[in-house]
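Since the structure comes first, as structure tokens, the remarks are kept for the end.
All ligand and atom numbering here is 1-based and tracks the order in the structure.
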Amino acid sequence: MLAAAKSLGIDRIGVTSAEPFPELRERLVLHRALGYESGFEEPDLDKRTQPSLLFEAPRSIVAIAVAYPSKLKNPPVSEPGARRGILSRSAWGEDYHRVLARRLERLAEWLAERAPELRWLSMVDTGALSDRAVAERAGIGWSGKNCMIMNDELGSWMYLGEMITNLPLPPDAPLLDQCGDCTICIDACPTGALVGPGQLNAQKCISYLTQSKGLLDEDAMVKMGNRLYGCDTCQIVCPINRGIDSRHQAETLPDPEVAKPLLRPLLQMGNREFKETYGASSASWRGRKPIQRNALIGLGNFRDEASAGDVARVLREDPRFELRATAAWALGRIRGDVASAALAEAAEADADERVRAAASRALAALSEPAPKRGRRAGE
Ligand code: SF4
């Protein structure tokens with residue numbers, strides 16, 4: 001199977017038993033008690049840790065990894081009047097759920113040719129099992145302090161998926177943890193979401209925040225910079241990842257205009273255009289609202305005066321209060337006459353109390369010294 005993996009488009013493959021994951025369960029119970037869940041997870045901890053609850057008489061789990069790029073070739077420049085946001089590297093190419101599903105399908109065909117009695121159930125990300133716990137036990141990589149699975153060859157720039165089977169395949173040994181004394185990722189996390197080695201408070205994680213749909217607090221918005229989807233900081237700073245940029249999987253190669261898009265055109269984008277432009281990326285799974293909100297946040301953080309008219313239009317016309325309130329915050333940072341006029345109008349007349357409050361706060365901020373521009377990712 002190892003020898004066949006490359007020809008099936010799989011970069012790493014490993015096997016683990018279908019035994020339960022008791023240590024993971026303990027960690028998940030603690031994680032829940034501390035309020036660290038994102039809310040996107042499977043809520044049933046037994047299903048997440050007991051393969052036998054998902055599949056009749058499981059004998060082994062095959063874990064796979066497919067590498068993705070970490071760098072944009074010839075990235076478009078973000079400049080005044082044409083500021084750009086950035087998507088997480090995991091969302092640059094074709095939606096990895098589809099990519100991995102195809103690999104697992106091919107792997108199942110390959111296995112079935114050799115073991116016709118094969119039964120299998122594959123999962124990628126949205127399945128009940130923890131891809132990372134399976135990959136760690138199957139020897140795909142060790143679990144870094146940044147909660148990512150990594151190895152020397154691919155770093156953590158890899159998608160993970162797995163297949164529960166009825167075949168008694170021999171298990172692989174887990175890899176030795178090579179993080180050592182390093183704590184670079186923990187120290188670099190913009191919001192302190194990495195609360196300890198391998199422990200993430202998803203509620204504070206920028207990746208989670210970019211995928212949420214509501215209003216964000218001011219501190220989080222400042223720290224988000226120009227990120228439209230995901231974060232990647234804990235992977236970018238990791239010395240294991242340095243210099244690793246896998247470009248051999250065609251579906252994972254980015255269109256730079258999608259990976260690092262102009263922010264202003266996003267604000268007025270309708271559903272159909274959004275689906276046409278971003279529908280193939282995993283970044284589209286929550287729809288356009290969070291990405292549009294994040295585009296407003298990015299423009300606010302750039303303090304891009306040229307975008308004041310576009311942002312003011314959102315404040316005046318967008319039917320979604322979350323976007324109008326975020327536009328008010330952004331205008332408070334952008335400043336200038338256009339911003340002041342739109343804010344004064346909204347503080348007085350917006351139909352939603354939350355937007356009026358956001359506009360009033362932004363107006364009050366205009367009388368204070370201008371905030372410094374923060375650091376942006378991928379600028
Ligand atoms: Fe491990 Fe250091 Fe990489 Fe964090 S930055 S995952 S501690 S090697």
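Neither the backbone nor the side chain of Q178 has a heavy atom within less than 4.0 Å of ligand 1.
Those atoms of ligand 1 with a heavy atom of P239 less than 4.0 angstrom away are 5 (S). Below 4.0 Å from some heavy atom of M150 lie the following atoms of ligand 1, by number and element: 6 (S).
In this structure, the separation between CD on Q203 and OG1 on T191 is 11.0 Å, given to the nearest 0.5 Å. Distance check: L263 CG to F302 CZ gives 6.0 Å after rounding to the nearest 0.5 Å.
Contact check on R102 versus E251 returns a salt bridge, with a Lys/Arg side-chain nitrogen under 4.0 Å from an Asp/Glu carboxylate oxygen.
L216 is listed as a side-chain neighbour of R293, based on a closest heavy-atom distance under 4.5 Å. Residues L253 and K73 form no side-chain contact, since every pair of their non-hydrogen atoms from C-beta on lies 4.5 Å or further apart. The shortest side-chain heavy-atom distance between T210 and L228 does not fall under the 4.5 Å cut-off.
Only protein N, O or S atoms were scored, and 1 of them lie under 2.8 Å from atom 4 (Fe) of ligand 1.
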Name the atoms and distances for all side-chain donor-acceptor pairs under 3.5 Å in residues 138-145, with sequence neighbours left out.
{"from": "K145", "atom 1": "NZ", "to": "G180", "atom 2": "O", "distance (Å)": "2.7"}
{"from": "K145", "atom 1": "NZ", "to": "C182", "atom 2": "O", "distance (Å)": "2.7"}

